Amino acid sequence: MITSREVKLEEIEKEAKYYYNNGYRFVTETCLEEESKFRIIYTFEKGYQLYSFHVYISPTEEVPSISKIYFAALPVENEIHEMFGVKFKNLVLDFQGLLFLGEYAPISPQASIEIMRRSKGDKNE
Amino acid sequence: MIRMSEKSTIPFGPQHPVLPEPIHLKLIIEDEKVVEAYPAFGFVHRGLEMLVKKKDFNQMVYVVDHICGICSAMHGQAYCQAVEELIGIDVPERAKYLRVIWAELHRIHSHLLWFGLLADAFGFENLFMLSWRIREKIMDILEATAGNRVIISVNVVGGVRRDIDSEQARWLLDELKEVEKSIKELDKIMRNNYTIKQRTVGIGVLTKEEAYMLGTVGPVLRGSGVPIDMRTTGYAAYKDLDFEPIVEKDGDTYARTIVRVREMFQSIDLVRQAISKIPEGELNVKIKPNLPAGEAISRVEQPRGEVFYYIKSNGGKYLDRLRIRTPTFANLASLLHMLPGSTLADVPVLVLTIDPCISCTER
Amino acid sequence: MGLKEFIEKSFKKSPWVLHYNCSSCNGCDIEILACMTPLYDMERFGMVNVGNPKHADILVVTGTVNTKNKEVLKNIYDQMPDPKVVVAVGVCAATGGVFREAYNVLGGIDKVIPVDVYVPGCPAKPEAIIDGLYKAAEILKEKYEKMGKAEEVLK
């Protein structure tokens with residue numbers, strides 16, 4: 001069972017820094033679509049125990065990236081941006097939605113809420 | 001005079017002879033040194049996480065088995081464990097032991113496969129052939145016990161689908177004896193061969209702190225001296241088996257190779273222990289057709305490291321969300337950390353040192 | 001044996017193979033690699049796995065086509081010299097298999113390039129792959145005869 005506490009959007013970086021300074025490993029971020037909101041769960045690990053916190057964001061909000069603190073968060077955040085359309089601020093390396101998906105792939109395929117559009121290309125084969 | 005320090009870009013992949021799988025790296029080279037590396041993926045991306053909306057939770061076992069053909073049994077195991085935790089059922093003891101046996105056989109074949117590919121990457125084709133010949137014995141065992149060579153699909157929610165009877169177990173142990181003898185030979189070659197040492201010692205060094213904080217998993221992490229192995233948490237039948245995580249200090253490619261070779265011996269030992277301790281009993285329990293609402297997490301040690309499954313259900317037959325953090329996805333950060341500063345000739349070895357499984361990474 | 005027959009025969013006996021993994025699960029890929037190793041030993045038919053499309057006669061494709069790699073596949077196919085044969089290994093390459101319903105998957109590889117031999121199985125067994133490759137070698141010979149390349153070489 002997963003236990004996670006809710007934090008505010010502004011506190012993400014502070015929380016991540018706390019975990020980093022106390023020697024927690026980064027496991028992953030999980031994005032969920034709950035009603036018309038996104039919930040991002042941040043998971044960390046120390047001594048086989050998992051510690052999580054989550055944020056609720058509305059589709060238009062930008063999430064501060066923790067990839068400056070945890071480099072391992074970089075591919076995860078790029079993936080979430082691609083699959084759900086959630087925007088991240090200050091990514092170390094921004095793939096601009098082309099990490100996994102090609103130019104002709106469906107846009108933000110794992111979310112039913114549409115945030116971003118690509119100007120060219122369509123998914124018709 | 002021609003200036004030699006100009007930067008040039010060299011594309012690596014997606015169709016590259018070293019790798020059986022497509023991965024694309026854009027390497028910025030100065031002289032012979034790699035200064036920057038940008039990966040590009042997506043050649044294997046299928047979107048399996050979203051199939052939960054179209055297939056019910058029992059059918060999904062077969063889909064997650066196809067995330068990766070090399071560690072398919074462990075993907076199925078991790079998924080089934082997550083669903084079992086969500087429903088709140090306990091799997092019969094015999095099924096737990098059988099899961100361990102198949103998982104460890106997969107670990108041996110995966111490490112042998114990797115060892116062959118690494119040898120091929122630095123041009124030691126003979127060793128590639130040798131380790132793949134040993135691997136065929138494991139494939140025979142898998143075919144005899146589970147019915148298929150690569151994707152065995154033995155796991156179901158609630159247990160396993162097939163049994164290994166005592167006669168088959170005896171035959172399996174005899175075969176394993178042969179395999180152990182051959183791996184010992186491989187071990188000897190690895191520890192004494194000049195070529196292997198030249199190409200692996202001191203290549204792709206990750207210190208203990210770096211490996212820990214980069215979120216590295218599996219043999220790469222243990223090769224850097226951090227004793228983290230998910231099997232020690234005691235899922236399935238591992239709580240009753242006797243083993244220690246295998247750790248090497250140096251943190252280079254050679255140390256990771258030693259970790260993997262030693263893990264093969266460990267896996268053989270674990271299979272033997274599991275066969276000697278396996279209790280009689282049922283293979284699986286009946287489950288209800290509908291899931292309760294809730295979330296569950298499952299973590300399983302695969303050949304490449306820890307896999308992390310997150311599932312969420314709102315009730316009904318279909319899961320709401322399936323999230324898989326595969327080991328190679330976690331190791332990407334350490335690969336990107338290792339590449340700058342290496343020479344171009346070492347790039348194939350560095351890519352292979354994390355044992356990349358691209359179809360896991362992209363799902 | 002005349003020179004013409006000799007060229008024809010040698011062309012049939014040793015086709016070079018290029019393997020490309022579209023979006024496969026690795027299962028078929030490791031079986032293709034297993035075909036080259038001592039137990040199955042594909043090389044006894046003179047087939048060598050090469051990395052360069054311009055050296056290859058037979059293209060072996062595993063896995064389904066997705067939106068990103070369809071251009072790579074087309075590109076590789078176009079680079080191969082004529083005559084060429086395409087072998088689709090596994091159900092995914094034939095129809096899309098278990099991945100058919102996924103959002104990024106287009107279906108079998110025959111949506112992008114023409115396929116000559118389909119090898120069924122999930123994953124296809126090495127025996128089946130060898131059988132398929134042998135059939136491909138025969139088709140290659142037929143195509144070669146149709147093109148009349150032997151006469152051209154002898155000119």
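Note that the coordinates shown come from a computational prediction; the quantities given were computed from them, not determined experimentally. Within every chain, numbering begins at 1; the chains are lettered A, B, ... in the order of the sequence lines, protein sequences first and strands thereafter. Just so it is clear, the values below take in all heavy atoms, side chains as well, and ignore hydrogens, waters and symmetry mates.
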Above 12 or not: heavy atoms from other molecules or residues under 6.0 Å from [atom1] of [X]?
{"X": "B:R161", "atom1": "CZ", "answer": "yes"}
{"X": "B:K54", "atom1": "NZ", "answer": "yes"}
{"X": "C:W16", "atom1": "CH2", "answer": "no"}
{"X": "B:N126", "atom1": "CG", "answer": "no"}

Next on the checklist: Between C:C122 and chain B, with a heavy-atom cut-off of 4.5 Å, which part of the residue counts as in contact: side chain, backbone, both or neither?
Outcome noted: both
Checklist entry - Checking C:S24 against chain B: side chain, backbone, both or neither under 4.5 Å from a heavy atom? => result backbone
Item to check | Which of B:R149, B:M139, B:Q59 touches chain C most, by non-hydrogen pairs under 4.5 Å | outcome: B:R149
Item to check | Contact winner vs chain C - B:L130, B:D65, B:N148, heavy-atom pairs under 4.5 Å | outcome: B:N148
Which heavy atom of [X] sits nearest a heavy atom of [Y], and at what distance?
{"X": "C:M36", "Y": "B:M129", "answer": "O-CE, 3.7 Å"}
{"X": "C:F99", "Y": "B:H66", "answer": "CZ-O, 3.4 Å"}
{"X": "B:H45", "Y": "C:N66", "answer": "O-ND2, 2.7 Å"}
{"X": "C:I30", "Y": "B:W132", "answer": "O-CZ3, 3.5 Å"}
{"X": "B:V150", "Y": "C:G27", "answer": "CG1-CA, 3.7 Å"}

Are [X] and [Y] packed together at the side-chain level, in the sense that at least one heavy-atom pair is separated by less than 4.5 angstrom?
{"X": "B:I358", "Y": "C:N26", "result": "no"}
{"X": "B:F128", "Y": "C:T37", "result": "yes"}
{"X": "B:R46", "Y": "C:C25", "result": "yes"}

Checklist entry - Is C:K125 salt-bridged to B:E143, going by a charged N under 4.0 Å from an acidic O? => result yes
Item to check | C:L33/B:L113 under side-chain contact (heavy atoms from CB on, under 4.5 Å): CA gap, chis, key distance, verdict | outcome: CA-CA 10 Å; C:L33 274 180; B:L113 180 147; over 6 Å; no
Side chain, backbone, both or neither: which part of [X] has an atom under 4.5 Å from a heavy atom of chain C?
{"X": "B:I151", "value": "both"}
{"X": "B:H109", "value": "side chain"}
{"X": "B:K55", "value": "side chain"}

